[in-house]
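All heavy atoms count here, side chains included; hydrogens, waters and symmetry mates do not.
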Amino acid sequence: MNPKELTVIEHIEELRKRLFICAIFFVLALVGSFYVAEPIIKFIQHTGEKEQHLTLNAFNVGDPLTVYLEVTFIVALIVTSPIILYQLWAFITPGLHETERKATLKYIPYAFLLFIGGLSFGYFILFPNIMNFMMKLSNELEIQQTIGINEYFSFLFKLVVPFGLIFQLPVVTLFLARLGILNPKLMVKFRKYSYFVLFVLAVLLAPPDFISNLLIAIPLFILYEVSIVIARIGYKKYEIAEAVRQQEEKEEAQKQQVEALLAEQRRQIEEMSNQQ
């Protein structure tokens, strides 16, 4: 069915079906995540204790359960993210051309890998540097840190998960460029402003020292430049596809004109034959 012919109710029904599928897979992943949450918590906790000499404490009775549920939820979300992306693609794909459908479907594995890459960057590079800075600052100020496990994991998630989303920048720019929405020339034109925003983001996320800021900002700059290159490729494909589409529409219009002229000639011939 042509998406333009769908009513509002049919669009809502289609969205409900996609959300229902996502919910089913998320619940299944949630059940499986209960069994892997414990080793993940122990790995993160013991790694933190080993590297940072930390002792994590539970200040409230429900803190261990809160951390367990948070880890379970995040693991389930990561596992089901390819399904969610596919259902999102399936919902918007009726409005795309055939070449655009095939092209955008290929983005899903790359988006998942970039998400994992962003999480890894946040956990293995960003998080240890921030913890080192905080512990060093506490020692210099002669402050004894008593860290709660709930606060520790909440800080970890708030720091690491956003980088999984930030690393989606190349896929997002490629998708928008492939649809002709984003012109890579604009990204080049506003590069210096983008760099400023990325550096401010690095300052907000990283400890307040220049080396750590560069450690975070440089990968973000590289990510932006990679996004420009990828956007150029996607936009070039969009221009080619758009030229082909316009040519096909032009040929179709000419074909219809010829058919209309032939039909008119046949009608005139029939009228002349009837008059005779």
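With respect to Lys255 and Glu251, no salt bridge is recorded, no charged nitrogen being found less than 4.0 Å from a carboxylate O. Ion pairing of Glu239 with Lys236 is absent here, as no side-chain N (NZ or NE/NH1/NH2) approaches a carboxylate O to less than 4.0 Å. For the pair Arg18 and Glu14, the salt-bridge criterion is met [side-chain N within less than 4.0 Å of a carboxylate O].
Linking Ile, Leu, Val, Met, Phe, Trp and Tyr whenever their side-chain heavy atoms come within less than 4.5 Å leaves Leu113 and Ile233 in two separate clusters. Val27 and Val75 are members of different hydrophobic clusters when ILVMFWY side chains are connected at heavy-atom separations under 4.5 Å. A continuous path of ILVMFWY side-chain contacts below 4.5 Å connects Val188 to Val226, so both sit in one hydrophobic cluster. Note on Ile222: it does not cluster hydrophobically with Val197, by side-chain heavy-atom contacts below 4.5 Å among ILVMFWY residues. Both Phe124 and Leu159 are members of a single hydrophobic cluster when ILVMFWY side chains are connected at heavy-atom separations under 4.5 Å.
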Enumerate donor-acceptor pairs with a distance under 3.5 Å from any side-chain N or O in residues 162-174 to protein atoms, sequence neighbours excluded.
residue : atom : partner : partner atom : Å
Gln168  : NE2  : Ala111  : O            : 2.8
Gln168  : NE2  : Gly164  : O            : 3.3
Thr173  : OG1  : Leu169  : O            : 3.0
Thr173  : OG1  : Pro170  : O            : 2.8

Show me the donor-acceptor pairs, under 3.5 Å and distance only, between side chains in residues 134-144 and residues at least two apart or in other chains.
residue : atom : partner : partner atom : Å
Ser138  : OG   : Met134  : O            : 2.9
Ser138  : OG   : Gln145  : NE2          : 2.5
Asn139  : ND2  : Met135  : O            : 3.2

Anything under 3.5 Å between a donor and an acceptor, one on a side chain of residues 57-69, the other on a protein residue two or more places apart or in another chain? List them.
residue : atom : partner : partner atom : Å
Asn57   : ND2  : Thr55   : O            : 3.0
Asn57   : ND2  : Ile147  : O            : 3.3
Asp63   : OD2  : Phe59   : N            : 3.2
Asp63   : OD2  : Asn60   : N            : 3.1
Thr66   : OG1  : Gly62   : O            : 3.0
Tyr68   : OH   : Phe34   : O            : 2.3

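Looking at heavy atoms from C-beta onward, Phe196 lies out of side-chain contact with Lys192 at the 4.5 angstrom threshold. Side-chain contact between Ile130 and Phe155: present, with at least one pair of heavy atoms (C-beta onward) separated by less than 4.5 Å. At a threshold of 4.5 Å between non-hydrogen side-chain atoms, the residues Leu201 and Leu220 count as touching. Leu77 is listed as a side-chain neighbour of Ile84, based on a closest heavy-atom distance under 4.5 Å.
Taken from CE in Met187 to NZ in Lys189, the straight-line distance is 14.5 Å, to the nearest 0.5 Å. Rounded to the nearest 0.5 angstrom, Lys185 NZ and Ile228 CD1 are separated by 13.5 Å. Atom OG of residue Ser33 and atom CD1 of residue Ile78 lie 9.0 Å apart, to the nearest 0.5 angstrom. Rounding to the nearest 0.5 Å places CZ of Arg178 at 14.0 Å from CD1 of Ile230. For the atom pair CD1 of Ile12 and CG of Leu19, the computed distance is 11.5 Å after rounding to the nearest 0.5 Å. For the atom pair Leu56 CG and Thr146 OG1, the distance stands at 11.0 Å (nearest 0.5 Å).
Here Phe26 pairs with Phe73 under the ring pair (Phe, Tyr, Trp, His ring centres under 6.0 Å) rule; sequence neighbours left out. Residues forming a side-chain hydrogen bond (donor to acceptor under 3.5 Å, both in side chains) with Tyr224 (at least two apart in sequence, or on another chain): Ser194. Judged as a side-chain hydrogen bond (donor to acceptor under 3.5 Å, both in side chains), and not counting sequence neighbours, Arg232 has no contacts. In this structure Tyr86 satisfies the ring pair (Phe, Tyr, Trp, His ring centres under 6.0 Å) test together with Trp89, sequence neighbours excluded. Remark: Phe221 engages Tyr195 in a ring pair (Phe, Tyr, Trp, His ring centres under 6.0 Å) (not counting sequence neighbours).
Considering all non-hydrogen atoms of both residues, Ala231 and Ala177 come closest at O-CB, 3.3 Å.
Alongside Phe190, the hydrophobic cluster contains Leu186, Tyr193 (criterion: ILVMFWY side chains under 4.5 Å). Apart from Leu28 itself, the hydrophobic cluster it occupies contains Phe20, Ile24, where clustering links Ile, Leu, Val, Met, Phe, Trp and Tyr at side-chain heavy-atom distances under 4.5 Å. Hydrophobic clustering, defined by side-chain heavy atoms of Ile, Leu, Val, Met, Phe, Trp and Tyr closer than 4.5 Å, groups Phe25 together with Ile21, Ile83.
The aromatic rings of Tyr235 and Tyr238 are tilted relative to each other, their planes meeting at an angle between 30° and 60°.
For residues 108-132, no residue pair satisfies the salt bridge (Lys or Arg N to Asp or Glu O under 4.0 Å) rule, not counting sequence neighbours.
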Applying salt bridge (Lys or Arg N to Asp or Glu O under 4.0 Å), run through Glu38 and Lys42 and close with a yes or a no.
CA-CA 6 Å; Glu38 181 178 349; Lys42 289 181 178 178; 3.0 Å; yes
Assess the residue pair Ile44 and Tyr123 against the criterion (side-chain contact (heavy atoms from CB on, under 4.5 Å)); give the C-alpha distance rounded to whole Å, side-chain angles, the decisive distance to 0.1 Å, and a yes or no.
CA-CA 10 Å; Ile44 295 175; Tyr123 179 73; 4.0 Å; yes
Please step through side-chain contact (heavy atoms from CB on, under 4.5 Å) for the pair Met131 and Tyr152, ending with a clear verdict.
CA-CA 10 Å; Met131 290 302 299; Tyr152 180 83; 4.0 Å; yes
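For the pair Ser154 (side chain) and Glu151 (backbone), a donor-acceptor distance under 3.5 Å is absent.
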